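Given the structure is predicted, the values throughout are model-derived calculations rather than measurements. Starting from 1, each residue takes its place in the sequence as its number.
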Amino acid sequence: MTEVVTRFAPSPTGYLHIGGARTALFNWLFARHMGGKYLLRIEDTDRERSTEEAVEAIMKSLKWLGLNWDGEPVFQSQQQSRHAEVAHELVKQGKAYYCYATPEELDAMREEQHAQGLPIRYDGRWRDRDPSEAPKDIAPVVRIKAPSDTEGEMVVHDLVQGEVHVPYSQLDDMVLLRGDGTPTYMLSVVVDDHDMGITHIVRGDDHLTNTFRQRVIYDAMGWKIPQFAHVPMIHGTDGSKLSKRHGAVSAFAYRDMGYLPEAMRNYLLRLGWGHGDTEIISTEEAIKLFTLEDIGRSPSRMDFAKLAYVNAHYMRDSSDDTLMELTLPFIEEALEHKPDETGLARFRAGLTDLKDRAETLAELAHAGLFYVRPRPLPLDAAAAALMDAPAQGVIRDIHGVLDTVKDFSNDNIEKALKDYAKKKGLKLGKVAMPLRAALTGTTSSPSVFHVAEILGREETLARLSDIARS
């Protein structure tokens with residue numbers, strides 16, 4: 001059996017779109033499932049729009065997602081002489097020809113076709129003419145000879161879309177080389193896929209119509225045709241094309257929002273590929289299970305709530321050491337400085353409680369900021385509203401109570417405060433809420449008794465004193 005070779009071929013004109021990330025994932029998974037190769041090709045022939053920054057951003061995004069490619073990346077712009085060579089070979093074989101039509105002639109042709117209600121397509125005016133008739137001041141383009149069987153049709157057996165038919169009458173003599181000798185996208189893609197030994201082309205279904213035109217080149221050169229799998233697009237929550245108004249569309253943006261790469265792989269896998277009702281599928285399991293035939297034919301809708309659910313699962317599944325390392329940049333960003341080691345040790349000790357209250361690394365960092373903030377701790381609006389005169393009195397009392405607790409543990413702190421509440425005739429919430437506000441600066445946190453234990457006696461009493469003096 002021939003080794004499976006897939007490729008991901010982005011154009012470096014901007015960031016890696018989330019749809020492109022899913023396409024890369026499907027190519028990567030299929031290659032790994034089949035024990036084959038997954039290659040990267042940078043389609044940078046649009047020199048005006050392609051940038052080094054975009055190339056770097058795409059590669060960084062793929063590496064962050066864990067979709068590392070085999071071998072060195074291929075840059076399409078470096079293969080242009082090879083692309084032109086194929087076009088000239090087709091001319092030599094009589095399967096392509098020089099077209100000397102001027103832009104004005106082509107405009108007039110299109111206007112006439114439009115006026116007659118005909119499809120807009122090249123009419124083949126130079127297909128069978130002798131080049132000796134050519135005007136001397138026109139740099140010709142090279143056009144391929146499309147099938148002349150106007151009654152027949154081309155059939156593509158797509159691994160996702162099924163059998164797709166297009167009449168030959170819809171295929172015109174497309175341009176392979178422009179007048180300046182540069183190759184067109186259609187030619188470059190086919191030559192590169194052939195030369196790279198690509199066996200399976202997995203791409204968005206917006207390329208489906210290109211497949212028929214590219215097949216003309218494969219057939220003319222007598223090359224083996226890869227198998228195609230055209231994947232439906234990702235839509236927004238309202239069913240329209242995914243755009244920034246629905247949320248982030250850059251793959252890297254999700255990293256910056258605090259999503260884990262393994263969660264993104266899991267979520268993107270399930271966005272169009274199914275294995276029963278299972279939502280959580282590890283990368284190892286995905287490699288074992290993935291087939292192109294299990295990709296659905298209908299567009300998928302981005303579900304940010306489900307993505308958050310999947311990410312929360314992987315965060316809870318991460319070791320505390322790993323999670324701490326991943327969260328640190330978000331802590332530093334929120335604080336706008338590096339926290340001290342004591343604060344980080346407290347945050348690390350509180351992770352078990354904190355990670356059940358967050359769905360992203362950014363949320364996790366925010367939820368535990370009170371562990372790393374320097375004193376005096378700022379109070380948010382809700383916490384500040386709690387601190388009326390009675391609450392201030394409770395805070396002073398709590399300071400005295402906790403100062404007497406010798407073994408400063410969760411259980412001992414809780415017992416001391418329950419005894420205090422019972423003695424004062426207060427519900428425990430009337431004690432715990434002012435304490436939470438004083439220790440965390442918020443009205444929502446993990447068990448405040450555990451928080452006090454992690455902060456330790458000295459820090460707990462100091463934070464209570466800060467509030468009592470305010």
Side-chain angles (χ1 to χ4, degrees), residues 312 315-316 320 323-324 327 330-331 334-335 339-340 342-359 362-470:
M315 283 175 56
R316 290 192 297 271
D320 285 354
L323 206 53
M324 191 68 213
T327 308
F330 294 90
I331 296 173
L335 288 178
D340 60 36
T342 300
L344 287 178
R346 291 170 182 152
F347 194 107
R348 170 68 175 75
L351 262 181
T352 301
D353 295 332
L354 290 171
K355 64 184 179 183
D356 288 334
R357 307 171 65 86
E359 294 181 324
E363 288 181 5
L364 179 62
H366 182 76
L369 275 184
F370 62 86
Y371 282 127
V372 294
R373 284 194 188 280
R375 294 178 35 235
L377 203 67
L379 304 183
D380 66 19
L386 277 177
M387 292 304 177
D388 54 14
Q392 292 272 354
V394 169
I395 291 293
R396 287 189 289 271
D397 287 349
I398 291 174
H399 186 285
V401 170
L402 294 184
D403 195 23
T404 66
V405 177
K406 294 181 179 179
D407 179 6
F408 211 71
S409 66
N410 178 92
D411 292 344
N412 289 339
I413 294 168
E414 183 176 4
K415 182 180 184 306
L417 293 177
K418 282 183 175 179
D419 289 346
Y420 164 75
K422 183 177 181 181
K423 179 180 178 181
K424 291 290 187 178
L426 297 172
K427 291 183 178 180
L428 187 59
K430 290 292 185 178
V431 177
M433 283 303 286
L435 176 62
R436 174 174 285 112
L439 297 188
T440 71
T442 70
T443 56
S444 176
S445 75
S447 165
V448 70
F449 311 119
H450 194 206
V451 167
E453 178 185 8
I454 291 171
L455 289 174
R457 176 200 300 274
E458 183 179 342
E459 181 70 13
T460 295
L461 295 178
R463 292 189 183 195
L464 291 172
S465 295
D466 288 341
I467 294 298
R469 287 194 298 264
S470 63

| Can you name the nearest heavy-atom pair linking Ala437 to Leu386, along with the distance? | CB-CD1, 4.2 Å

| said: Would you compute the distance between atom NZ of Lys424 and atom CG of Asp397 and round it to the nearest 0.5 angstrom? | reply: 5.0 Å

| Expected output: side-chain Arg463 to main-chain Ala438 donor-acceptor under 3.5 Å | no

| remark: Value for CZ (Arg348) from OG1 (Thr327), rounded to nearest 0.5 Å, stands at 11.0 Å

| task | Report yes if the side chains of Leu461 and His399 come closer than 4.5 Å at any heavy-atom pair, otherwise no. | result | yes

| Closest heavy-atom pair and its distance - Ala416, Val405 | CB-CG2, 3.8 Å

| request: Mark yes or no for whether Asp320, through its side chain, and Leu351, through its backbone, hold a donor-acceptor pair below 3.5 Å. | output: no

| field | Nearest heavy atoms of Pro434 and Gly429, plus distance in Å | value | CD-O, 3.9 Å

| field | Distance in Å, Leu435 CG paired with Phe449 CZ, rounded so as to fall on 0.5 Å steps | value | 7.0 Å

| request: Can you see which heavy atom on Glu363 is nearest to which on Glu359, and at what distance? | output: OE1-N, 2.8 Å

| Can you tell if the side chain of Phe330 reaches within under 4.5 Å of the side chain of Leu364, non-hydrogen atoms only? | no

| message | For a 4.5 angstrom cut-off between non-hydrogen side-chain atoms, does Arg357 reach Ser444? | response | yes

| field | Under 3.5 Å side-chain donor-acceptor pair for Thr442 and Thr440 | value | yes

| message | Closer than 4.0 angstrom, basic N to acidic O: yes or no for Asp419 and Lys415? | response | yes

| request: Heavy atoms only: give me the nearest Ser445-Val451 pair and the separation to one decimal. | output: OG-CG2, 4.5 Å

| field | Derivation of the side-chain contact (heavy atoms from CB on, under 4.5 Å) call for Ile467 and Leu377 | value | CA-CA 9 Å; Ile467 294 298; Leu377 203 67; over 6 Å; no

| From OG (Ser465) to CZ (Arg396), nearest 0.5 Å | 11.5 Å

| note | Residue pairs meeting side chain to side chain donor-acceptor pair (under 3.5 Å), one or both in residues 375-384, sequence neighbours left out, come to Arg375-Asp466

| Gap between atom CG of Leu369 and atom CG of Leu335 - 0.5 Å precision | 5.5 Å

| field | Over all atoms of both residues, closest heavy-atom pair of Tyr371 and Leu354 | value | CE1-CD1, 4.0 Å

| query | Within the side chain of Glu459, is there an N or O that forms a donor-acceptor pair under 3.5 Å with the backbone of Leu455? | reply | no

| Atom pair OG1/CE of Thr443 and Met433 - distance to nearest 0.5 Å | 5.0 Å

| query | Checking Arg457 side chain against Lys406 main chain: does a donor-acceptor pair fall under 3.5 Å? | reply | yes

